[in-house]
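Here the structure is laid out as structure tokens; the discussion comes afterwards.
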Amino acid sequence: MMSLRTHMRDFDENNITAAVIDRYKNTPDPRLKQIMTSLVQHLHDFVRDVEPTEAEWGKAIDFLTRTGKLCTDKRQEFILLSDTLGVSMLVDAINHRFSKDATESTVMGPFYVQNPPDAAFGADIRGGAQGDPLYIDGSILSEDGQPVADAIIDVWHSNAEGFYDVQLPEAEEPTLRARFHSDAQGRFRFWTIMPKFYPIPDDGTVGEMLKASARHPFRPAHVHFMIVADGHETLVTHVFVDGDQYLDSDAVFAVKNSLIRDFTREAPGVAPDGRKIDTHWRKLHTDFVLSKTAANRAATEQSRAREQAVS
Ligand SMILES: [Fe+2]
């Protein structure tokens with residue numbers, strides 16, 4: 001019989017994987033054990049598949065080192081890497097198997113800022129930004145069609161040149177981002193400007209990867225929304241501008257047909273909120289349907305059963 005000691009020597013390209021996995025056998029956290037076991041298996045399979053030269057392996061280490069060094073509180077190169085490799089969308093899809101009636105989710109992206117400034121119902125959030133005025137309104141609904149009052153609605157988007165405020169060295173105040181609350185009927189409305197398609201930051205390691213692969217860095221124009229409401233799953237999504245040239249080649253794979261909307265062109269006149277406007281402007285009407293949490297759905301079913309028993 002071979003001793004354990006013999007087992008733990010003489011590793012070659014075939015038996016090393018089992019030996020490394022064996023080293024995790026005492027991991028107390030079962031989930032961590034599962035993750036490390038799978039990581040080692042897939043990583044080793046990948047290396048056996050591509051058979052990197054030592055120079056290529058060194059290049060990979062250097063790429064990841066530089067990716068980490070680019071990360072600051074204003075820039076997250078690792079999120080970009082995850083986004084451009086389609087991993088962010090994959091994680092999103094796995095974690096948001098919402099009700100089929102609910103609005104679809106998509107990636108958060110790297111430009112969300114925690115706790116954006118509060119804005120009143122109907123506010124104009126353009127600040128000093130120039131661009132075509134855009135009026136957005138709609139309702140927050142639950143999957144059964146009921147309006148959701150007092151939902152937190154965080155909004156953020158690019159300016160007319162395709163930049164977010166956090167990318168502009170001169171921007172001191174948050175612009176083109178705000179937090180709204182839906183009213184008692186679940187409604188929201190605000191003014192801003194039209195967003196534009198934009199390249200993800202491509203002057204770092206992710207840009208190197210895209211260029212080396214003949215991939216472009218562009219994302220189609222969109223407005224980001226994050227909606228948080230009691231009894232409902234948090235919805236992180238975008239609304240995309242119909243007709244954008246990059247809808248079919250988004251650098252981060254985030255476009256879903258159900259999230260594309262017509263941002264209609266409107267003639268000078270009176271907007272739905274009564275504002276007189278003497279230039280052309282754009283209008284977006286869009287509702288968001290939230291998936292109930294499992295606990296909320298169970299409670300609704302229980303109360304429905306109780307009503308039926310009484311009647
Ligand atoms: Fe974005």
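When a ligand or atom number is given, it counts from 1 through the structure's own listing order. Just so we're clear, the structure is a prediction, and the values are computed from it rather than from any experiment.
Of the residues F180, F288, F240, the one that meets the ring-ring contact (aromatic ring centres under 6.0 Å, His included) test with F225 is F288.
Our summary of the site lists the angle at the Fe ion (ligand 1) between OH of Y164 and NE2 of H222 as 100°, to the nearest 10 degrees.
S158 lies apart from the Fe ion (ligand 1) in this respect, since none of its N, O or S atoms is found at a distance under 2.8 Å.
A donor-acceptor contact closer than 3.5 angstrom links the side chains of D154 and Y112.
Between the side chain of E77 and the backbone N or O of V206, at least one donor-acceptor pair lies under 3.5 Å.
Residues R219 and V252 form a side-chain contact, since some pair of their non-hydrogen atoms from C-beta on lies under 4.5 Å apart.
Within H224, the N/O/S atom positioned nearest the Fe ion (ligand 1) carries the name NE2.
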